[in-house]
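Values below: all heavy atoms of this structure, side chains included; hydrogens, waters and symmetry mates excluded. The structure presented is a predicted model; accordingly, all values stated were derived computationally and were not measured.
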Amino acid sequence: MSTGPRFRFAPSPTGSFHVGGARTALQNWALARRLGGTFVLRIEDTDEARNRPEWTEGIIDALAWIGISSDDPHFEGPHFQSDHAAAHVAAAHQLFEAGHAYYCDLSGEEVQLRAKELGTTGYDGYSRDRGLDPAPGRVLRFRVPSGSTVVHDLVRGDVTFDNATIEDFVLLRGNGSPVFLLANVIDDLEMAITDVVRAEEHLPNTPKQQMLWQALGHEPPRWAHVPVLVNEQRKKLSKRRDKTGLELYIADGYLADAMVNYLMTLGWTPPGAEAAGSEIVSWAEVEDAFRLEDVTHSPAFFDVKKLAAFNGEYIRRMSLAEFVERASDELPVEWDRDRFAAIAPHIQERLTTMREVPDKVDFLFWPDGAAIAYEPADWDKAFAPDWSVPLLTDLIEAYRNVPWTADELKASLEQLMEPHSIKLGKAQAPPRVAVTGRSVGPPLFESLEVLGRDETLRRLSAALAVAIDGGGTHAGAPGSPG
RNA sequence: GCCCCCAUCGUCUAGUGGCCUAGGACACCACCCUUUCAAGGUGGCGGCACGGGUUCGAAUCCCGUUGGGGGUGCCA
């Protein structure tokens, strides 16, 4: 058990794990590990309607994916806020007994009505000195002291709030249940949290929570509010408008290391990144160098394009063996793994996400003899030149006897091109479209080598037939193989 | 409305008074390489929001303006 600082990550359970949450979790994790402290996971399930056991599992799985393992000695939890309901209520009563809170019988509508009549904002302290006793339907409100509250924030410095601008906020609802503000503080207190690192949106709550800590007779924790993540409209990333779910990115074939690396560079730069000319850093380096004091103060745009660039970089950095293994997960079970391994080196550097793998190599797995659906535009372009049909005809003849290696296949095409005086770049188009149905794909001769002589010749001949017979219309692309 | 935060290339950022004719990364453009597409290499485009101070000297400090964001629940 660690004795160092205690951080906490306190998500509310939903079916989705927010990428912004992933970032704050990562920051807490880096700090907890480097400082020899603890990362406490607390599920904020106060709102019972939202609580489902599988959601908690989803959170733990998501954390594990980004490298925050519940098996790590620095990990503690999960704790559940709902388990502490009694403590929250007890603390509220304690606050009432000590005179830090009072009951009020005004309903929400009545409060609004009064504010309107008085021309004030929010609750005006109507019941402050009425000495009301607890009763059903009455809310317990905190008696905000006069003066001001200074929040010492590790990323922003001191932030001063005039208490006069903070209304006597609710601690206990009319039905006796505690609100988030209170529950959050009590849990942090009970779990001996020393450092609260969370998103900037909580900054306005902080003076209220700090007053609660003090009213309860405790020193508040160290606060740190990191900037929020925003979309291209510069609005806080929201589940409704934006793609925020970590699970969505996992499904799209993003690598955990790339995601973690990218998330950490939002609002923070690894030392040495500039000199290295690269922002790609290992988690070890992050853990070693991440400091709250170095975090930027302004919101950061979550740029999927840059994430994709990182991801491509990480894919290219994998060893071939690792790449083949991971890519296999993306392939249909019936596809031959050895055949894939043969072409793998040629697609590894052409990817931005793992999800693109099947699409890059599918032509190698079409059933032998299946009709090929040619991309109309690609077909037209490849077979527009008048040399295309004769070239293909000769190529079929040549390929009947040539040794079946990429080099030989290439040499043989080059030899045939000569009389036509065309470049290899153009000459490879007709056979490529004939064999793969498209004009782009992995290197052609390597692909043919993997495909094999029989199926290659078959596809070449089928295309030739269509080219001759379909004339300029190529109407003949029969049904799709896949 | 009120409170709080923020402000360097399109984006993420380096920069903590002279090393800045502002550096890097992503994106974009061009060229090279080339077996299509990528990858890789080289180069390019592009920024200190504005106005006042302070100072010998300001992207850096202060004030104001403008702009953006967050918060203002008996949600979390």
Side-chain angles (χ1 to χ4, degrees), chain A residues 10-14 44-47 50 81 104 106-108 111-112 119-123 137-141 151 153 155-156 159-162 164-167 169-181 183-184 199-207 225 227-228 230 232-236 262 265-269 271 273-280 296-303 305-310 312-313 316 346-352 360 378 382 406 409-410 413-414 423-429 431-433 436 438-447:
Chain A
S12 46
T14 69
E44 307 248 310
D45 57 351
T46 298
D47 188 346
R50 302 168 63 165
Q81 185 157 77
C104 175
L106 250 36
S107 70
V111 169
Q112 279 192 5
T120 58
T121 4
Y123 183 70
R138 290 181 182 172
V139 301
L140 183 67
R141 284 181 180 274
V151 171
D153 190 291
V155 349
R156 280 150 216 288
V159 183
T160 306
F161 295 85
D162 180 353
T165 65
I166 302 174
E167 66 174 28
F169 53 95
V170 171
L171 260 23
L172 253 28
R173 303 189 181 92
N175 66 8
S177 66
V179 301
F180 154 79
L181 234 35
N184 199 259
E200 186 190 4
E201 61 204 273
H202 290 286
L203 187 51
N205 288 152
T206 310
H225 292 88
V228 293
V230 298
E232 48 279 276
Q233 276 88 237
R234 305 247 108 216
K235 303 268 193 229
K236 187 172 70 164
Y262 175 62
T265 64
L266 256 22
W268 180 73
T269 309
E274 182 176 356
S278 168
E279 296 178 342
I280 306 293
T296 313
H297 295 187
S298 45
F301 170 46
F302 184 79
D303 186 358
K305 270 192 172 175
K306 189 159 182 179
L307 204 212
F310 273 50
E313 180 80 33
R316 273 171 253 128
H346 302 291
I347 65 161
Q348 182 173 5
E349 65 186 17
R350 279 159 236 266
L351 299 169
T352 78
K360 286 269 191 288
D378 291 351
L409 294 169
K410 181 185 175 194
L413 208 216
E414 279 173 329
K423 300 211 177 207
L424 186 54
K426 285 199 180 298
Q428 55 97 50
R432 177 183 290 283
V433 173
T436 70
R438 290 169 292 200
S439 60
V440 302
L444 181 63
F445 307 107
E446 289 74 359
S447 298

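- Summarising the geometry, atom CZ belonging to A:Arg234 is positioned 8.0 Å from atom CZ belonging to A:Phe301; distances are rounded to the nearest 0.5 Å.
- At the heavy-atom level, A:Leu106 lies under 4.0 Å from base atoms of the strands shown.
- Taking only distance into account, the side chain of A:Arg234 never meets the base of B:U11 through a donor-acceptor pair shorter than 3.5 Å.
- Contact annotation for A:Glu446: base contact, defined as any heavy-atom pair under 4.0 Å involving a base atom.
- Rounding to the nearest 0.5 angstrom, the gap separating the OH atom in A:Tyr123 from the CD atom in A:Gln112 is 14.0 Å.
- Among the protein residues, A:Gly312 comes within range of no part of the nucleic acid, since none of its heavy atoms lies under 4.0 Å from any strand.
- Distances from the side chain of A:Arg350 to the nucleotides B:A76, B:C5, B:U36 place B:U36 closest.
- Residue A:Asp303 contributes atom CG, which lies 13 Å from atom C1' of B:C28 at whole-angstrom precision.
- Base-pair partner of B:U34: not found among the strands shown (Watson-Crick or G-U wobble, both distances under 3.5 Å).
- Whole-Å rounding puts the A:Arg173 CZ to B:C75 P distance at 4 Å.
- Residue A:Arg156 is in sugar-phosphate contact alone, with no base atom involved, counting any heavy-atom pair closer than 4.0 Å across all strands shown.
- Closest contact between the side chain of A:Glu349 and the listed nucleotides B:C12, B:U36, B:A38 involves B:A38.
- With distances taken from any side-chain atom of A:Val179 to the nucleotides B:C5, B:A76, B:A7, the minimum falls on B:A76.
- With both pairing distances under 3.5 Å, B:A25 is matched to B:U11 as a Watson-Crick or G-U wobble pair.
- In this structure, CD1 on A:Ile280 lies 5.0 Å from CD on A:Glu313, to the nearest 0.5 angstrom.
- Considering only the side chain of A:Ala300, B:U13 comes nearest among B:U13, B:C74, B:C3.
- For the pair A:Lys236 NZ and B:G69 P, the computed distance is 13 Å after rounding to whole Å.
- Backbone-only contact: A:Val159 has heavy atoms under 4.0 Å from sugar-phosphate atoms and none from a base.
- Distances were taken from every side-chain heavy atom of A:Glu44 (C-beta onward) to each of B:G69, B:U13, B:A76; the shortest belongs to B:A76.
- Here the C1' atom of nucleotide B:U35 and the CZ atom of A:Arg438 are 17 Å apart, to the nearest Å.
- Below the 3.5 angstrom threshold, one finds a donor paired with an acceptor across the side chain of A:Lys306 and the base of B:A25.
- Residue-level contact check: A:Gly277 touches the backbone only, with heavy atoms under 4.0 Å from sugar-phosphate atoms and none from bases.
- The interatomic distance linking A:Glu232 (CD) with B:G10 (C1') rounds to 12 Å, in whole Å.
- At the heavy-atom level, A:Asn175 lies nowhere under 4.0 Å from the strands shown.
- Both A:Pro299 and A:Pro443 sit near RNA chain B, but only A:Pro299 has its closest nucleotide nearer the 5' end.
- Between B:C6, B:G23, B:C37, one nucleotide has an atom nearer to the side chain of A:Val440 than all others, and that is B:C37.
- A:Ser177 comes within 4.0 angstrom of no nucleic acid atom, judged by non-hydrogen atoms across all strands.
- The interatomic distance linking A:Arg432 (CZ) with B:U36 (P) rounds to 8 Å, in whole Å.
- Between B:G40, B:U13, B:G71, one nucleotide has an atom nearer to the side chain of A:Arg316 than all others, and that is B:G40.
- Which of B:C74, B:U36, B:G69 sits closest to the side chain of A:Val228 comes down to B:G69.
- Between the side chain of A:Tyr262 and the main chain of A:Phe302, no donor-acceptor pair closer than 3.5 Å is present.
- Rounded to an integer number of Å, the gap from CD of A:Gln233 to P of B:G10 is 17 Å.
- A:Leu266 comes within contact range of the sugar-phosphate backbone alone, with a heavy-atom separation under 4.0 Å but no base atom that close.
- Rounded to whole Å, atom C1' of B:U34 lies 10 Å from atom CG of A:Leu424.
- Not a single donor-acceptor contact under 3.5 angstrom links the side-chain atoms of A:Glu167 to the base of B:U72.
- Look at the C1' atom in both B:U8 and B:G67: the space between them is 15 Å, to the nearest Å.
- At a threshold of 4.0 angstrom between heavy atoms, the contacts of A:Ala429 with the nucleic acid are absent.
- Base contact: A:Glu279 has a heavy atom under 4.0 Å from a base atom.
- A:Lys426 comes within 4.0 angstrom of no nucleic acid atom, judged by non-hydrogen atoms across all strands.
- Listed nucleotides B:G69, B:A76, B:G24 differ in distance to A:Phe180; the shortest reach to its side chain belongs to B:A76.
- Mapping A:Trp268 and A:Ser278 onto RNA chain B via the closest heavy atom, the residue that lands nearer the 5' end is A:Trp268.
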Fill in: Residues A:His346, A:Lys360; criterion side chain to side chain contact (heavy atoms under 4.5 Å, CB included); working and verdict
CA-CA 10 Å; A:His346 302 291; A:Lys360 286 269 191 288; over 6 Å; no
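- Nearest to the side chain of A:Lys410, among B:G24, B:C12, B:U35, sits B:U35.
- Residue-level contact check: A:His202 touches the bases, meaning some heavy atom is under 4.0 Å from a base atom.
- Across all strands shown, A:Phe161 has heavy atoms under 4.0 Å from sugar-phosphate atoms exclusively, and none from any base.
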